[in-house]
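Okay, so here's the structure we're looking at.
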Number of protein chains: 2
Amino acid sequence: MISKPTLDTVAAEAGVSRATVSRVINGSPRVSPEVKVAVETAIAALGYVPNRAARSLAMRRTDSIALVMREPDATVLNDPYLGNIIIATSQTLIGTGVQLVLVNAQNTAEHAQLADYVRSGHVDGVLLASMHDDDPLPRLLLEAGIPTVVGGRPSRPMPGLSYVDVDNVGGAQLAAERLLASDRRRIATIAGPQDMTAGIDRLSGYRLALSNTGRKADRVAYGDFTRESGQQAMTALLARHPDLDAVFVANDLMAIGALRSLRDAGRRVPDDVAVVGYDDIDMARHTEPPLTTIHQPIVDQARTMTELLLTQIGGDPVADPVVLPTVLVERESA
Amino acid sequence: MISKPTLDTVAAEAGVSRATVSRVINGSPRVSPEVKVAVETAIAALGYVPNRAARSLAMRRTDSIALVMREPDATVLNDPYLGNIIIATSQTLIGTGVQLVLVNAQNTAEHAQLADYVRSGHVDGVLLASMHDDDPLPRLLLEAGIPTVVGGRPSRPMPGLSYVDVDNVGGAQLAAERLLASDRRRIATIAGPQDMTAGIDRLSGYRLALSNTGRKADRVAYGDFTRESGQQAMTALLARHPDLDAVFVANDLMAIGALRSLRDAGRRVPDDVAVVGYDDIDMARHTEPPLTTIHQPIVDQARTMTELLLTQIGGDPVADPVVLPTVLVERESA
DNA sequence: TGAACCCATGAGAGCGCTCTCATGCCCGTT
DNA sequence: AACGGGCATGAGAGCGCTCTCATGGGTTCA
């Protein structure tokens, strides 16, 4: 491989000094038009590309951010959520000149290491996806003064932490209201685990909608967000409340299980029982019948997170948390 | 933020020279045990972490590789394939000290740019996921002498290009044999687009299996890998060959469409018509009935690609292409 | 006992870039 | 005509690390 041209090569070719070439590259206004053209010509002729490492050494800035994820093991592999976050983030970065570095921090031991890593100036900021409640990472980063944006609301409020959440309460409310609007009166819900903010918030959104119309939100069963648990919960619900005519299921995977349970019980969807799910995963489009569900703006979330991080890196003060609205996707199950 | 410790800080603390600290960090054997301990103590005390940019400047090596993807737009977002590749790659990299940099090269204009980017020494090697046939990128990288590994077989053979493919021919054969083994005799197939290696190879694997038992592989319909096209193809097949008792569908999405078409036509699966899909996407587990399909070793593929790339970066000669075996996942549709 | 050698260690020169500061030219002003 | 100011440009000092080469003390062998 021919040795790559450096700033000096370009400077020699253009007949100017290294500093001037640097000015042209960085768009400094203090360069005469003729010189600018000469330098640009030389750059093009030599196929020069700045060396990122050298630049970052000199600037104390890396122009790259880390996307940290936890436990991306087989369980999560099937979940398109992370993949979408990753891809959306990388899309947002197009044209900004900022690199996306993927970091896997699975166990706690890796966390201190990760904090070191980040602190050592490898990246200018950190995006935290798929957080856990007990995660020490946000605090570590916050204390280290590293620009950080978290996806999802932390269970305990952390002043100074910027995060982008999705409106789980509002989404669940939307779902319940949809059921009420179609004259369903004996509504039940399959709630998610109550140790996750998503599970908690969706249940309270559901309760809110019912109580707004003066209804009690009894008829609740719980699942753990897996299809199997949804199926079981639905079966239990049918046993306890045979007359129910609608269910709000706190995620699509459980809704798919519920659909199966309903079919097994001979109930027609939506004629006998209306079903609304949550997440709008790809599969929701292909169920029988296609699932009416709440769309999560994952792509927007990733985009917003990235934008917040970039402005924070740019020196702006830490932005207030952002909560993104959800949207009802009407298909055929309700 | 307190200014970060550098090599000099550590050297002063340990009472040795910068060079010695560097030796300790890089595990050089030419360091006395006492000094080594002293240095390590100093490092720990100061919380020193080497600056990656400086190191990479001096070493002309970045310890990071790029994962390049094409067109990760909305279409692909729903496809867990890319996400799985990304995550599996990042998992393989854990503990190697190598960084994963995600690069989005959507249009051709970005390709030259990308080649420059890579050539400028930002990464030590490149992983190419989701290739297109007309992609000039592999050639560019190959010519630039940059270690590169491609996912999937390039349509035109490129000497010196290392790639990891999945055995589409063998997988399709497996699927057809499964159908034959369960005494299906009037077998049809819904093939994929014949301008993609996956589409071509799966059809020829299917043909191979049939001809091995002296059968003709007529009864072929074509789709474009979307669910809708699968549904249409199945309907067409049913119209042309009302007596068919089995179908091999070249991907799961089309198989889901086929399932729907069969249900609409009042055929029971697998009693009347057995169905085998291809890909083993997550959804295949949740269809009615759950889909028997061919599992793609995506995770293995990503892992193998990464390993090949790392050895190539390490100076080993370009490895021969690897073709990974597929596996039949028996569920209930066949 | 001295020559030859080995090995741990230090000094210092880059790696390619940015940035501060000095320089010198050209302009306007009085 | 002399002077000050503005502006384009160049010189040079780092940024933090690695690596070559020099150095010097200890060992070994004749």
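Keep in mind it's a predicted model, so treat the numbers as computed, not measured. In what follows, chains are A, B, ... by sequence order, proteins preceding strands, each numbered from 1.
- Applying the 4.0 Å criterion to OP1 and OP2 of D:dC17, one finds that B:Ser22 has every side-chain N and O outside that range.
- You'll find the side chain of A:Leu102 reaches within 4.5 Å of the side chain of A:Ile86, heavy atoms only.
- Residue A:Tyr48 places its side chain closer to C:dC17 than to any other of C:dG10, C:dC17, C:dA8.
- In this structure, A:Arg55 and B:Val35 both approach DNA chain C, and ranking their closest nucleotides by distance from the 5' end singles out B:Val35.
- Ion pairing between B:Asp8 and B:Arg18 holds under the 4.0 Å rule for side-chain N and carboxylate O.
- Distances were taken from every side-chain heavy atom of B:Arg60 (C-beta onward) to each of C:dG16, D:dG16, D:dC19; the shortest belongs to C:dG16.
- The side chain of B:Thr20 places an N or O atom within less than 4.0 Å of a non-bridging phosphate oxygen (OP1 or OP2) of C:dG10.
- For the atom pair CG (B:Leu127) and CD1 (B:Ile65), the distance works out to 5.0 Å, reported to the nearest 0.5 Å.
- Atom pair B:Asn51:CG and C:dC15:P shows a separation of 18 Å (rounding to whole Å applied).
- Side-chain N/O atoms of A:Ser32 include one lying less than 4.0 angstrom from OP1 or OP2 on D:dT9.
- Between the side chain of B:Gln301 and the main chain of B:Val164, a donor-acceptor pair closer than 3.5 Å is present.
- Looking at heavy-atom distances under 4.0 Å, B:Asn26 makes contact with sugar-phosphate atoms alone, never a base.
- Atom pair B:Arg30:CZ and D:dT18:C1' shows a separation of 16 Å (rounding to whole Å applied).
- Checking C:dC17, C:dG10, C:dA8 against every side-chain atom of A:Arg18, the shortest atom distance belongs to C:dC17.
- Residues B:Glu34 and B:Val37 have side chains not in contact (no heavy-atom distance under 4.5 Å, counting atoms from C-beta outward).
- Side chain A:Arg23 to base D:dG10: a donor-acceptor pair is found below 3.5 Å.
- Atom C1' of nucleotide C:dC19 and atom CZ of A:Arg61 are separated by 13 Å, given to the nearest angstrom.
- Taking for each of B:Leu57 and B:Val31 the nucleotide of DNA chain C with the nearest heavy atom, the 5'-most of the two is the partner of B:Val31.
- A sub-4.0 Å separation between OP1 or OP2 of C:dC15 and a side-chain N or O of A:Thr6 is absent.
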